[in-house]
Amino acid sequence: MLDSKLLRNDPEAVAANLARRGFAFDAAAHAALEESRKTLQVRVEELRNERNVASKGIGRAKAAGEDIQPLLDAVESLGAALKTTDDELAVVRARLDDVEAGLPNLLHASVPDGKDEADNVEIRAWGEPATPAFEVRDHVDLGVALGQLDFDAAAKLTGARFSVMRGGLARLHRALIQFMLDLHTEQHGYSEVYVPYIVNSDSLRGTGQLPKFGADLFALNGEHEYYLIPTAEVPVTNLVRDEIIDADQLPLKYVAHTPCFRSEAGSHGKDTRGMMRQHQFEKVELVHIVRPETSYAALEELTGHAETVLQRLGLPYRIVALCAGDVGAGAAKTYDLEVWIPSQNRYREISSCSNCEAFQARRMAARWRNPDTGKPELVHTLNGSGVAAGRALIAVIENYQQADGSIRVPDVLQPYMNGLDVIAA
RNA sequence: GGAGAGAUGGCCGAGUGGUCGAAGGCGCAUGAUUGGAAUUCAUGUAUACGGUAACCCCGUAUCGAGGGUUCGAAUCCCUCUCUCUCCGCCA
């Protein structure tokens, strides 16, 4: 949600900023709605005031033992007038809310122009993609040949876009998660949280998945309106919903490992092979809750924490700043980490680190008490994958493959594999 | 799953139809006392929106959420959510 004051006072600036995303915000139409909201609201408040004054008078007269009938007659028509105007106001409000709830966040000035993925700007790269003497195979070939990746079984159990892992690969996957959690908690100062994988619609509204992106979610069929989480960002960030945080508690840095469930309704036909794009995958998520003035420093820090994961794993990657057209709706600025995938001969997204500024905080009423003003003020929220475990597994399998189809275990993961250094059939 | 009790401000906690945004306490802030601190005393201390240039003032809303009754609802009625206690079940 955007600042309603800004929306009212400078709708043209909002429209100009959102236009960078390719989002058309009709400032004039909004202003007209806003104007009628204001008129109606003033009228309703006047009527209410009239009624309140009259009611107090009735109370006083009754206490004094006077005849209140004339007073009752005097306010007789007020109720109907109030109801009519109030109903009109509710209609206008609802339309306004619809518009405003669907607006994406304003972009930070440093976000590069561009309309899609192709226009993202590389910030830096780390590591050298290997150039093996043998023909590289993709993770599907390798995993299936090892007998440890099984998409047929997953299709039987559920359907398309799920996977079954066995033995060494299953353990490698778990080792990745353990390694990442330990790294972030022991060396990067995060506190680990365990959270529900099922959330209510308020939480999804808080982080911005609803009302606009419900199609990407798996909704549960039970008596409650519950959804499977598409990312740990939802439950973890919503920890601070409706909270006022003491200044000395900030920054809050949370790390959580959760599965993520995405229906990916819009991407059929993309990455249909293998584990790249699944309905269910594991992720280690980093969330920062910070003072507004520190949020851009926090974005660099958080991104660095995700990078460290890939460096320790010895996986070549690059960092790109998402361009205006590619930044997600809730974010003001986003860096993606892209890891080298040998079989595709290119980098693929493995982490996305975003500063949402006050966009989510405003929806969630997540505030901190600013000691300088003594007032509750909105916090800034950030989130980033640190990193996606499923894609990290793909990257390890493909980057650590050997000519015989076995997979070397990265050094940092061997302690989590009982010392195992090669996964073979 | 069965039975019962609850949900009030940053926190605790009064308030069962009429100047209640809400007593009292805690916490916090400022001032006084003190060499400094503790103690004590005084004063102040919600949020959002609107009228406004204005964080002065005025108005409106907010006592778990939504609806209803009424001239008037924290207080009465209905629905829902959550919490607690006891029983049952269970990893």
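Reminder, nothing fancy here: chain letters follow the sequence lines and each chain counts from 1.
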Query raised in the report: Taking the side chain of A/Glu45 as heavy atoms from C-beta outward, which of B/A61, B/C49, B/C71 is closest to it?
Result: B/C49

Requested in this report: Would you mind telling me which of B/G10, B/U19, B/G18 lies closest to the side-chain atoms of A/Ile58?
Outcome: B/G18

Requested in this report: For A/Asn52, answer base if it contacts any base atom (sugar-phosphate contacts may also be present), sugar-phosphate if it contacts only those atoms, and nothing otherwise; contact means non-hydrogen atoms under 4.0 Å.
Outcome: sugar-phosphate

Query - 5' precedence on RNA chain B between A/Pro376 and A/Glu34 (nearest-nucleotide basis) - result: A/Pro376

Requested in this report: Using the C1' atoms only, state how far B/C28 lies from B/G10, rounded to an integer number of Å.
Outcome: 9 Å

Report summary line: Out of B/C82, B/U60, B/G18, minimum distance to the side chain of A/Ser55 belongs to B/G18

Requested in this report: Look at the aromatic rings of A/His188 and A/His305 and report parallel, tilted or perpendicular, splitting at 30° and 60°.
Outcome: parallel

Query - Nearest to side-chain heavy atoms of A/Asn49, which nucleotide of B/A61, B/G18, B/G59 - result: B/G59

**Report entry** Span that lies between the C1' atom of B/C63 and that of B/U75, in whole angstrom
**Finding:** 10 Å

**Report entry** B/G25 versus B/C80 - spacing of their C1' atoms, nearest Å
**Finding:** 34 Å

**Report entry** Sidechain N-carboxylate O distance under 4.0 Å for A/Asp271, A/Arg161
**Finding:** no

Requested in this report: Would you state whether a donor and an acceptor, one from the side chain of A/Lys56 and one from the base of B/G18, lie under 3.5 Å apart?
Outcome: no

Query raised in the report: Quick one: do the A/Glu192 and A/Thr185 side chains pair a donor with an acceptor below 3.5 Å?
Result: no

Query raised in the report: Just to confirm, is there a sub-4.0 Å distance from OP1 or OP2 of B/G27 to any side-chain nitrogen or oxygen of A/Arg369?
Result: no

Report summary line: Result for 5'-nearest mapping on RNA chain B, choosing between A/Ser4 and A/Leu72, is A/Ser4

**Report entry** B/G51 phosphate, OP1 or OP2, under 4.0 Å from A/Lys38 side-chain N/O
**Finding:** yes

Report task. Using the P atom as the reference point in each nucleotide, state the distance between B/A42 and B/U33 in Å, no decimals. Result -> 16 Å

Query raised in the report: Distance between the C1' atoms of B/G18 and B/C12, in whole angstroms?
Result: 28 Å

Report task. Please report the C-alpha distance between A/His184 and A/Tyr254 in whole Å, then the side-chain angles of each, then the deciding distance to 0.1 Å, and finally whether the ring pair (Phe, Tyr, Trp, His ring centres under 6.0 Å) criterion is met. Result -> CA-CA 9 Å; A/His184 296 311; A/Tyr254 290 125; over 10 Å; no

Query raised in the report: Counting side-chain heavy atoms from C-beta on, which of B/A61, B/U81, B/U19 comes nearest to A/Arg48?
Result: B/A61

